[in-house]
Amino acid sequence: MMQILFHCHHCFGECQASPSKDEGLISCPRCKKQLVLRYGDTHRQRNIVDMCAVCQQQDFYIRDEARKAWGLLFLLLGLAAAYWTFGISLLLGGYGFYWHFFKFPKLTVCYHCYAKYRNFRVNPEHHEYDLEKMENFEKAIRNDRSSRDFR
């Protein structure tokens, strides 16, 4: 089921959550403070990300999981040891390559709080990282900060 990785609002420690296991209230493993996550019906029933459970925004991008490099490493190690293992290591390296390179799905990341979502069905409305979209978000944040009266 879906797994959410995000940073605590209090201590910036890494937290994990799952809509199928918890009810939206988790404690940070680092500072032990309670954090509230707001899951939608699509999180729990359809296993699709449409709204961020951490910051309630709806802007996401999709990227490849960083574990694909492990698949290449397993394949290269299997190739390197194939001579001494009579090809058995090539089978193991090929399996490691298949598992890490093809089986690991895409990762969805929130533009606002950088929460990462794993093990879900990909939402067709989400696309790769858009630099122009992120620049517009940063401009809005700067404009909001400059329009406030900080006296």
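Along the sequence shown, residues carry numbers from 1. Only a predicted model underlies this, so the values are computations on that prediction, with no experimental measurement involved.
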Look up atom [atom1] in [X] and atom [atom2] in [Y], then write down how far apart they are to the nearest 0.5 Å.
| X | Y | atom1 | atom2 | answer |
| --- | --- | --- | --- | --- |
| Phe97 | Leu79 | CZ | CG | 10.5 Å |
| Asn136 | Asp59 | CG | CG | 10.5 Å |
| Cys110 | His126 | SG | NE2 | 9.5 Å |
| Phe12 | Cys31 | CZ | SG | 10.5 Å |
| Asp50 | His43 | CG | NE2 | 5.5 Å |
| His7 | Glu14 | NE2 | CD | 5.5 Å |

Those residues that, when tested against [X], pass ring pair (Phe, Tyr, Trp, His ring centres under 6.0 Å) (two or more places apart):
| X | result |
| --- | --- |
| Phe74 | His100 |
| His127 | none |
| Tyr129 | Tyr61, Tyr111 |

Same cluster for Phe137 and Tyr114 if Ile/Leu/Val/Met/Phe/Trp/Tyr side chains link at under 4.5 Å?
yes
Tell me whether [X] at atom [atom1] has more than 12 heavy atoms from other residues, nucleotides or ligands lying less than 6.0 Å away.
| X | atom1 | result |
| --- | --- | --- |
| Lys133 | NZ | yes |
| Glu23 | CD | no |
| Gln34 | CD | yes |

If you group Ile, Leu, Val, Met, Phe, Trp and Tyr whenever their side-chain heavy atoms sit less than 4.5 Å apart, what else falls in with Val36?
Leu25
Connected to Tyr117, directly or through other members, by ILVMFWY side-chain contacts below 4.5 Å are Met2, Ile4, Phe6, Ile26, Leu35, Leu37, Tyr39, Val49, Val54, Phe60, Ile62, Phe120, Val122
Where do Val109 and Lys116 come nearest, in terms of heavy atoms and distance?
CG2-CG, 4.2 Å
Of all heavy-atom pairs linking Gln56 and Arg38, the shortest is NE2-CB, 3.4 Å
Could you tell me whether the side chain of [X] and the main chain of [Y] form a donor-acceptor pair under 3.5 Å?
| X | Y | result |
| --- | --- | --- |
| Ser89 | Thr85 | no |
| Arg30 | Cys11 | yes |
| Arg44 | Pro19 | yes |

Flag the pair [X] / [Y] as yes when at least one side-chain heavy-atom distance between them is below 4.5 Å, and no otherwise.
| X | Y | result |
| --- | --- | --- |
| Cys55 | His112 | yes |
| Asp41 | Arg46 | no |
| Leu107 | Arg118 | yes |
| Gln16 | Gln3 | yes |

Taking side-chain hydrogen bond (donor to acceptor under 3.5 Å, both in side chains) as the test, write out the residues that go with Lys106, two or more places apart.
Asp64
